[in-house]
Protein chains: 2
Amino acid sequence: MPNKEPPAAAGAELPDAAAPVRRMRGGPKGLRITDVAAQAGVAPITVSRVFNSPETVAPETLERVRQVVQKLGYVPNRLAGGLSSSRSRLIAAIVPTIAHSLFSETIQVFSETMSRAGYQVLLALSGYDDSSEEVLLDAVLSRRPEGVLLTGVAHTDSLRERLANVGIPIVETWDMTDRPIDMLVGFSHYQIGVAVAEHFLQRNVRKPGLVSANDERALARRRGFRERLAQAGISGIAEVLVAPPSSVALGKAALPRLIEQAPDIDAVFCGSDLLAIGTLNAARQMGLSVPSRLAICGFGDLEFATETTPQLTSVHVDGTRIGVTAARCLLDRLSGSGQSKVTDVGFEVVRRGSS
Amino acid sequence: MPNKEPPAAAGAELPDAAAPVRRMRGGPKGLRITDVAAQAGVAPITVSRVFNSPETVAPETLERVRQVVQKLGYVPNRLAGGLSSSRSRLIAAIVPTIAHSLFSETIQVFSETMSRAGYQVLLALSGYDDSSEEVLLDAVLSRRPEGVLLTGVAHTDSLRERLANVGIPIVETWDMTDRPIDMLVGFSHYQIGVAVAEHFLQRNVRKPGLVSANDERALARRRGFRERLAQAGISGIAEVLVAPPSSVALGKAALPRLIEQAPDIDAVFCGSDLLAIGTLNAARQMGLSVPSRLAICGFGDLEFATETTPQLTSVHVDGTRIGVTAARCLLDRLSGSGQSKVTDVGFEVVRRGSS
DNA sequence: CTGAAAGCGCTTACAG
DNA sequence: CTGAAAGCGCTTACAG
């Protein structure tokens, strides 16, 4: 039972024939602001102020109300508060997935930062399937969030337009684009592909291959990779595309298929650290020494990958910085300062096993 | 601009001296159910039914309303809906952290399952610090969630009592207890400690050590580990406790300190796979072969750990199953069936490098 | 510094 | 199958 007492009845209220019927709507459901107000001997609006603008309340009143709140265990109803004030204090975070994910660190620090500022995070997992995106957006917008964090740029025009039209601050992250909906904190996946290609070229790779998930961002990395290699006269790159989410197992299975296509392959760019680790394991089993016979480059921000497997090169991205920066962008805009802006956080090709 | 048209005015409404002042509350803020109703030529309640009980609406009416909804781009306001119906359709997930975490997979599938059932997940990150727990709970309860997922059993009595008193279904996960608040899906950390001790004993370990975070669950594993070893006459176990969240770096730093305490140590139980990987790296650097000279056992559900490092033993827990089972428990209770119950999902000591 | 009235956008509980 | 009225628990916009 959430509460022990029904609303206090003011004496014996006999039904008045002329009065409209007072509908009962499910009985007593919990403490309301009026319960606190009555106990503290103030008006409901004063209780409201104790929570929302305590500096406008006389110290004695403040103390008295707070004691009643404490004693009763009153917790304000933000559904009501949000409806009334048009301030939901909710921020939606739309993420493909948080399991084993590059994004979990971003969401972690984003959530911490937002909650310190008095907002809560509604988690919306979009998966890698665009088909249900409209439904997801409906669900998200029905909560009337005051801001939205997107991992990745919004794909469809319809989605972009709807988000733009809500009129709340939007941050896109983990990607780069010429026409962000509003704000953006990320980096260019295409440029990562270019950087990895250049890294391979510097190491005199002759026959590079690719293992990648076929989600949009991974495909952008692939494009950069292929185009830079093409400039260097290398084309006809062997590749295996897998359905996201990528995993160690998928990487493991990919290498044999890659080698079938190109037996003399000498380097692989993997779309994620998970794929890279799987590929590495497969290489070990096939007796290919890494990196001398086969160089492997992953992508991610997991300390695991390079800590555990010094043979691996990886492209590292600062997920924490993305989360914090994205939160600050939103908070700036919510507090009225803050402009639309684009932040490129860059990336880094890490070669622990480069010796 | 969220919307283009102000609410339709019914002709020229001249201010009536006798009528009460109609306060403007910030102007037009978006489409309301009445806008849709007006366009479709029905009452607002009918539009409401189209969303909430379409089977009670005549097919033609349904179609007409839906077309107007589509055309206008109307999205219902669930703050209002939730307030009115006392059904927030929100489930709170209280988690210490999702970054690099064992919990992220649980939250992932939990969220997927709940959203398929029409609920959304409010993410509340509690950290490993109990001090702000009351504040966090206030924030959570202010959203009037219909259910709560907790990772770990609630610690303080005050918290347990408050959660129990809300009267909504609660699932505790990732742990075991004799007196759950309501429902529980988990396993015994103490028994894991016992199992790892037995595993070590079977391998004739003489001088085991421990590297653990000092959070409540890790300490329960430690207790099981120490008590089982004590039964076998092994005590005075060298140990290093680190502050959560654990990491590869902390594991790396821990081994030298452990060896300082006990130079002849021959096995280490690490509180997490991250610590285990760090310990493994340190062992490599110190020239200790694993597992022959030093056996290492971790804990987690990350396929990384054992896929990457076959030298490692690890205790595996099915985070996915926990998430799905927890979601089902809540959904059963929300639909009126479902009893309070405890599910032990167990665990498994995985020895890939056991040959 | 405090309060009475009205309204936020829905749904309940009836009634037809 | 559909609707008019009242209410959900807050906050806004005034007024004092």
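Computed from a predicted model, the values in this text were never measured in an experiment. First the proteins, then the strands, lettered A, B, ... as listed; each starts at 1.
A straight line from CG of A:Leu83 to P of C:dG9 spans 7 Å, rounded to a whole angstrom. Distance CZ (A:Arg87) to P (D:dG9): 23 Å, rounded to an integer number of Å.
B:Arg49 comes within contact range of at least one nucleobase, with a heavy-atom separation under 4.0 Å. Using a 4.0 Å heavy-atom cutoff across all strands shown, A:Tyr74 reaches sugar-phosphate atoms only and no base atom.
At a cut-off of 3.5 angstrom, the base of C:dG9 holds no donor-acceptor pair with the side chain of A:Arg144. Under 3.5 Å, the side chain of B:Thr34 and the base of C:dG9 form no donor-acceptor pair of N or O atoms.
Looking only at distances, a side-chain donor or acceptor of B:Ser335 sits under 3.5 Å from a matching main-chain atom of B:Leu331.
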Criterion side chain to side chain contact (heavy atoms under 4.5 Å, CB included) on B:Lys341 and B:Asp332, from CA distance to verdict: CA-CA 11 Å; B:Lys341 62 183 166 188; B:Asp332 283 354; 4.2 Å; yes
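Residues B:Ala43 and A:Gly82 each lie close to DNA chain D; by heavy-atom proximity, the contact nearer the 5' end of the strand is made by B:Ala43. Each of B:Leu62 and A:Leu79 has a nearest nucleotide on DNA chain D; the 5'-most of these lies closest to B:Leu62.
Donor-acceptor pairing under 3.5 Å is lacking for the side chains of B:Gln120 and B:Arg89. Between the side chains of B:Glu134 and B:Ser158, a donor-acceptor pair is found at a separation under 3.5 Å.
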